[in-house]
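Ligands are counted one by one from 1 in listed order, and the atoms in each one are counted from 1 as well.
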Amino acid sequence: VSDPEVLAFDLYGTLVDPIGISTTLTRLTNPVTALELARLWRQRQLEYSFRVTAMERYQDFRWVTARALEDALAVMAIDLDVAAQSELVAAYDHLTPFPDVEEGLTRLAAAGHRLTVLSNGSPAMIANSLTNSGLDAYIDLQISADEISAFKPAPLVYLHASTRIGRPIGEIRMVSSNPFDVIGSKSAGMRTAWVDRAGGVFDSIGQQPDLLVNGLDGLCRALDIPT
Ligand code: LAC
């Protein structure tokens with residue numbers, strides 16, 4: 001068993017599934033289009049978070065999520081009134097955890113690792129998501145990028161996490177499925193684990209992840225936690 005670590009988990013895409021919102025979107029359209037809309041919504045959400053940070057025009061992640069939905073709907077020519085759009089944004093607080101997450105967090109906690117969340121979500125979004133999914137029981141600290149009004153992968157966000165956690169940045173491992181988050185945290189000085197849930201391609205800029213795993217079960221194996 002390896003020494004206990006401080007793990008900072010990304011939320012969306014790593015612990016809970018933002019693309020799973022497509023089942024809610026089937027209210028509006030057929031399943032294939034709903035999946036396409038869910039993916040476009042997520043892609044625009046990330047792009048907008050990068051843009052407002054680069055522009056130094058911070059708005060919180062719920063605002064970014066709402067604007068991204070508005071944009072994705074327009075691109076796909078789906079007409080939806082403001083009230084219905086607000087309902088969809090609210091559904092972001094009820095995303096489903098990936099199947100490996102609960103057991104993985106249980107085993108990581110039992111092995112003595114400290115489990116935190118570092119997310120671009122606003123504090124309320126993070127708290128709601130963790131409470132509604134039951135994952136809050138495993139997480140001892142919730143850290144939001146909102147606390148410093150900039151989004152990952154800005155280095156200040158990771159430095160802020162180090163301050164909140166009270167440990168040097170090099171002693172914290174960012175666990176994320178999002179390649180931008182893995183290269184960003186590494187660039188700021190963290191250790192990293194890339195949770196490659198989709199069998200995807202890693203970014204071609206930045207350093208390779210220190211650990212490459214396919215889920216939290218894989219992370220447990222990589223940290224030598226016995227089954
Ligand atoms: C997060 C998004 C970026 O939870 O996945 O920070």
Atom CG of N30 with >12 non-hydrogen neighbours under 6.0 angstrom: yes
For a distance cut-off of 3.5 Å, show me each N or O of ligand 1 paired with any protein N or O, plus the separation.
{"unit_1": "ligand 1", "atom_1": "4 (O)", "unit_2": "D10", "atom_2": "OD1", "d": "2.8"}
{"unit_1": "ligand 1", "atom_1": "4 (O)", "unit_2": "L11", "atom_2": "N", "d": "3.3"}
{"unit_1": "ligand 1", "atom_1": "4 (O)", "unit_2": "Y12", "atom_2": "N", "d": "3.0"}
{"unit_1": "ligand 1", "atom_1": "4 (O)", "unit_2": "S119", "atom_2": "OG", "d": "2.8"}
{"unit_1": "ligand 1", "atom_1": "5 (O)", "unit_2": "D10", "atom_2": "OD1", "d": "3.0"}
{"unit_1": "ligand 1", "atom_1": "5 (O)", "unit_2": "D10", "atom_2": "OD2", "d": "3.4"}
{"unit_1": "ligand 1", "atom_1": "5 (O)", "unit_2": "Y12", "atom_2": "O", "d": "2.9"}
{"unit_1": "ligand 1", "atom_1": "5 (O)", "unit_2": "R42", "atom_2": "NH2", "d": "3.0"}
{"unit_1": "ligand 1", "atom_1": "5 (O)", "unit_2": "N178", "atom_2": "ND2", "d": "3.2"}
{"unit_1": "ligand 1", "atom_1": "6 (O)", "unit_2": "D10", "atom_2": "OD1", "d": "2.9"}
{"unit_1": "ligand 1", "atom_1": "6 (O)", "unit_2": "S119", "atom_2": "OG", "d": "3.3"}
{"unit_1": "ligand 1", "atom_1": "6 (O)", "unit_2": "N120", "atom_2": "N", "d": "2.7"}
{"unit_1": "ligand 1", "atom_1": "6 (O)", "unit_2": "K152", "atom_2": "NZ", "d": "3.0"}

Of all residues at least two apart in sequence or in a different chain, which pass the salt bridge (charged side-chain N to carboxylate O under 4.0 Å, His left out) check with R67? E70
When you look at CD of E103, are more than 12 heavy atoms from neighbouring residues, nucleotides or ligands closer to it than 6.0 Å? no
Applying salt bridge (charged side-chain N to carboxylate O under 4.0 Å, His left out), can you list everything that pairs with D140, at least two apart in sequence or on another chain? R114
Among residues at least two apart in sequence or on other chains, which ones pass side-chain hydrogen bond (donor to acceptor under 3.5 Å, both in side chains) with S176? D181
Lys/Arg N to Asp/Glu carboxylate O, D146 vs R62, below 4.0 Å: no
